[in-house]
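Sequence lines set the chain letters: A, B, ... in the order given, protein chains first and strands last, and positions in each chain run from 1. The analysis underlying the following values was restricted to heavy atoms, covering all of them including side chains, and did not include hydrogens, waters or symmetry mates.
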Amino acid sequence: MATLNLPKTFDSKAAEERWFQTWIELGYFTADPARPGKAFSIVIPPPNVTGQLHLGHALNVSLQDIIVRTRRMQGYNTLWLPGTDHAGIATQNAVEKDLAKEGKNRHQLGRDVFVERVWQWRETYGDRILNQLRRIGASCDWSRERFTLDPGLSRAVTKVFVDLYNKGLIYRAKRMINWCPRCETALSDLEVDHKDAQGNLWYIRYPFVDGSGAIMIATTRPETMLGDTAVAVNPSDERYREHVGKTVHLPLTGREIKIVADDVIDKEFGTGALKVTPGHDPVDFELGQRHGLEQISILDGTARMNANGGAYRGLSREEARKQVVRDLESAGLLEKVEPHSHKVGVCSRCDTVVEPMLSEQWFMRMREMADRAIKAVRDGDTTFHPKFWENTFFNWLENIHDWCISRQLWWGHRIPAYRCVRCDHLIVAAERPARCPECDGSDIVQDDDVLDTWFSSGLWPISTLGWPDDTPELRRYYPTSLLLTGFDIIFFWVARMMMFGLEFTDKVPFKDVYITPLVRDADGKKMTKSKGNVVDPLDLMDQYGADALRFTLAQLAAQGRDVILSHDRFAASRAFANKIWSAARFLMMNLDGAPEPTPPVEVAKLGLAERWILSRLDATIREVTRAIDEYEFNVAAMKLYQFIWHEFCDWYIELSKEPLKAGGARQAAARWVLVSVFDKMLRVLHPFMPFVSEEIWQVIRPYIDEPNLAKHLAVAKYPEPSATNPLSPEEETAMQHCIEATEAINSVRSFLGYPTGKRVRAIIKPFIPPPGAIVSDPKSDRELLSKEFETWQVYAS
RNA sequence: GGACGCAUAGCUCAGCCCGGUUAGAGCGCUUGCCUCACAUGCAAGAGGUCCCUGGUUCGAGUCCAGGUGCGUCCACCA
């Protein structure tokens, strides 16, 4: 018997540090396009460069690592490319907040100094999140780390912009856009959240110029009336039919505006008459376009009244509203005020109420690219898992609007557009032109704006592999095999990667898309900092270990919508890791120090218990492998748990005790089965619990008889399930009877107040038929069993 | 206004695509055990109208239709 030098419990922390370090040093995760093997590639969804690890990342990375490690062990040429996103507006806001602590703002610093400061910020925090991903065990090729602002990736961004401009798909236009007055930038539709707000509906009379009374409008935003250029009614509205074409005095300004008729007006809402503000409302803007109305902007970039606001100039939106209402009231034009709940658009980054503004911005035409992305998914070039997410994808793309891609920020990819100061000629080019091609002027200035951060992340699968150059990586690993991400960025990111990928490579960027559920707290609430219900994965790893975190997340990753956290689960997974550890101790106590030879007797001649556990192992390997192929992480995790704990530990280890003591051929057979099953079991488990499995595998590795045995489990061969089940139906039945008999005996003993437990399992020894003498007659089993009962009853009395 | 997801044990969830033993797991609960791998453990238990109604079927937790409740996303009702 080998001396036992294993501690009683598994030390996760030590194992995590030791093995991750080792794997990296030995270059196990480094991809080499020149090596053979079918390619398997994933690009990581790049976390925000200054972000902090949260459970969403932990889930995402754990699942990716399970697939990647499995494929690596299966012999694929595997690339998992890591990196970070500069996260334009998010990072800029974070640094601005930091500046605010010093009582400064970015304008005081100026653009260059501010951007320098963001780079410093990135130096300080940029590695944090990646180190946190490593701690989970992410087997990325860390030598290929990329950042969206890397020179190579920036070159891809510039090329795409210039090409799309030349194709006419990127253009500059004055449109109604979403403006955040705090961030002072334009936002895309996706960056606006719609929140319920309790407001009022103000009823205001606009007097007819001819003095024949007034038309009453209802509005939620009285302050914008200063920019009104019409009143609109529905053409079929009997109440107003005769007024269409008349002119009214716009209160407080006296400006004269027309009453127009338009089908978009809802007769049921308010008074059925709408004040039209084409400068500050998207519906009104469209309406204004149809009727040739003037567009008046009354707010500046910080949402204060500008010169067009007349007497209200300098007031904030809120102040102006109060003042306007007061003035209307004193003018006797305010009919009534009703409480009114409605939705208000807010900046998804800072929660400030967004202002619809008329502004000249860069846009990307989406229709054709969207259609191509839709077709690719319909044709099955890319498949979503679960499949129902395809509906969401289609729905958005079918109704897509042009994308406002310019941002009035300082942190990001500066738009490669230049203007000649002398003749105002616009030049879009990869390099700054030395002279204006129109007037030969040399005073050329670059566009101040940067691109929406999702523009560069949309190129992530191609830019990280070296595009626009024709690199070995691009040829070998593109299209990537899988994209694994959360549903919250299907529009922001997945759809854009599809469109860009198809546009520039004529190939989809990934064959499968696995959409993870959203991680929620124990009450089913979304985790947010403001709610204070954030569970920190780092704390969980401190407490339970990285393996337990990974395993638990895999178990919870059923293909629904949400993952609801339950602390007990982590504890259970930690116990599972320890259970395996403890089983390893059992093995070490029962092996004799020499490698176990290939089966001491033919497998067919092994005892029933031995053949049973081998058959269960094969079934488990088959089921786990299939589940992973179909992204059923929870199924795979459950199968492993059931097999390891309830079949291998509960039954086979108990059943092996007797032959292990018996010595001779039976002992040799049991030893071989223990090592052989444990080895394969660890290989299948490794992608889920890489640290505990590696730690244990190293302990039993000397006993494994395999030519060219890998040095580490991380690169060991994934087991192939054998094609046939070695147990006949009769043997299955016999084994089933053994299990039932034991349970029955335990039940009787428990009822009689006797100690029950694993020792009792030795009792079933007589029920285990020796090879060649299969007990298949349930009746004789029952006889044996009732004898056993009698024995215990006698013993009891 | 559209669309989607979910509803199974006290709690958190599998099972449903592909209908067929006695519907499962973890945690919690009850009872008994420090038994020589493991008390992060062992053993024995209690606990279910599989949301409702109808349909298909020899047979429905599973398939179909309708409904109820909860949740989410999209959308320019001022």
- From I217(A), V324(A), T271(A), residue fulfilling side chain to side chain contact (heavy atoms under 4.5 Å, CB included) relative to I204(A): I217(A)
- Task: Would you please confirm or rule out a distance under 4.0 Å between OP1 or OP2 of G26(B) and any side-chain N or O of H646(A)?
- Result: yes
Nearest to the side chain of [X], heavy atoms from C-beta on, is which of [options]?
| X | options | value |
| --- | --- | --- |
| I653(A) | G26(B), A37(B), U40(B) | A37(B) |
| Q642(A) | A78(B), A25(B), U40(B) | A25(B) |
| K343(A) | U40(B), A78(B), A75(B) | A75(B) |
| F586(A) | A37(B), C76(B), C13(B) | A37(B) |
| A575(A) | C13(B), U40(B), C27(B) | U40(B) |
| D650(A) | A78(B), A37(B), A43(B) | A43(B) |
| K8(A) | A14(B), A39(B), A78(B) | A39(B) |
| E654(A) | C38(B), C74(B), U40(B) | C38(B) |
| C649(A) | A37(B), C27(B), G5(B) | A37(B) |
| T219(A) | C76(B), A78(B), C42(B) | A78(B) |

For residues 637-644 of chain A, which side-chain N or O atoms pair as donor and acceptor with protein atoms under 3.5 Å away, sequence neighbours left out?
none

- Of all residues at least two apart in sequence or in a different chain, which pass the salt bridge (Lys or Arg N to Asp or Glu O under 4.0 Å) check with K336(A)? E338(A)
Name the pairs: protein N/O against N/O of nucleotides 63-66 of chain B, kept only if under 3.5 Å.
none

- Item | Ring geometry between F551(A) and F688(A) (parallel below 30°, tilted from 30 to 60°, perpendicular above 60°) | perpendicular
Could you check whether [X] gets within reach of a base, just the sugar-phosphate, or nothing at all, counting any heavy atom under 4.0 Å?
| X | result |
| --- | --- |
| F491(A) | sugar-phosphate |
| Y641(A) | sugar-phosphate |
| T220(A) | sugar-phosphate |
| I265(A) | base |
| W202(A) | nothing |
| A572(A) | sugar-phosphate |

- Message: Just to be sure I understand the geometry, which residues of residues 542-551 of chain A put a non-hydrogen atom under 4.0 Å away from RNA chain B?
- Response: none
- Ring centroid separation Y206(A) to H243(A) under 6.0 Å: no
- Message: Name the residue from F393(A), W389(A), Y514(A) that meets the ring pair (Phe, Tyr, Trp, His ring centres under 6.0 Å) definition with F384(A).
- Response: F393(A)
- Item | Step-by-step salt bridge (charged side-chain N to carboxylate O under 4.0 Å, His left out) determination, R574(A) to D547(A) | CA-CA 8 Å; R574(A) 181 184 51 187; D547(A) 286 323; over 6 Å; no
- In terms of heavy-atom contacts, G486(A) and I515(A) come closest through C-CG2, 4.2 Å
- Message: Going by salt bridge (charged side-chain N to carboxylate O under 4.0 Å, His left out), name the pairs with one or both residues in residues 221-235 of chain A, residues two or more places apart or in two chains.
- Response: R221(A)-E223(A), R221(A)-E355(A), E223(A)-R321(A), D228(A)-K275(A)
- Item | Where RNA chain B forms stems, i.e. three or more consecutive Watson-Crick or G-U pairs with both distances under 3.5 Å | B:1-7 with B:68-74, B:10-13 with B:24-27, B:29-33 with B:41-45, B:51-55 with B:63-67
- Message: Run the salt bridge (charged side-chain N to carboxylate O under 4.0 Å, His left out) test on R378(A) and E390(A) for me, step by step, so that the C-alpha distance in whole Å, both residues' side-chain angles and the decisive distance to 0.1 Å come before the verdict.
- Response: CA-CA 9 Å; R378(A) 288 214 195 280; E390(A) 289 179 3; over 6 Å; no
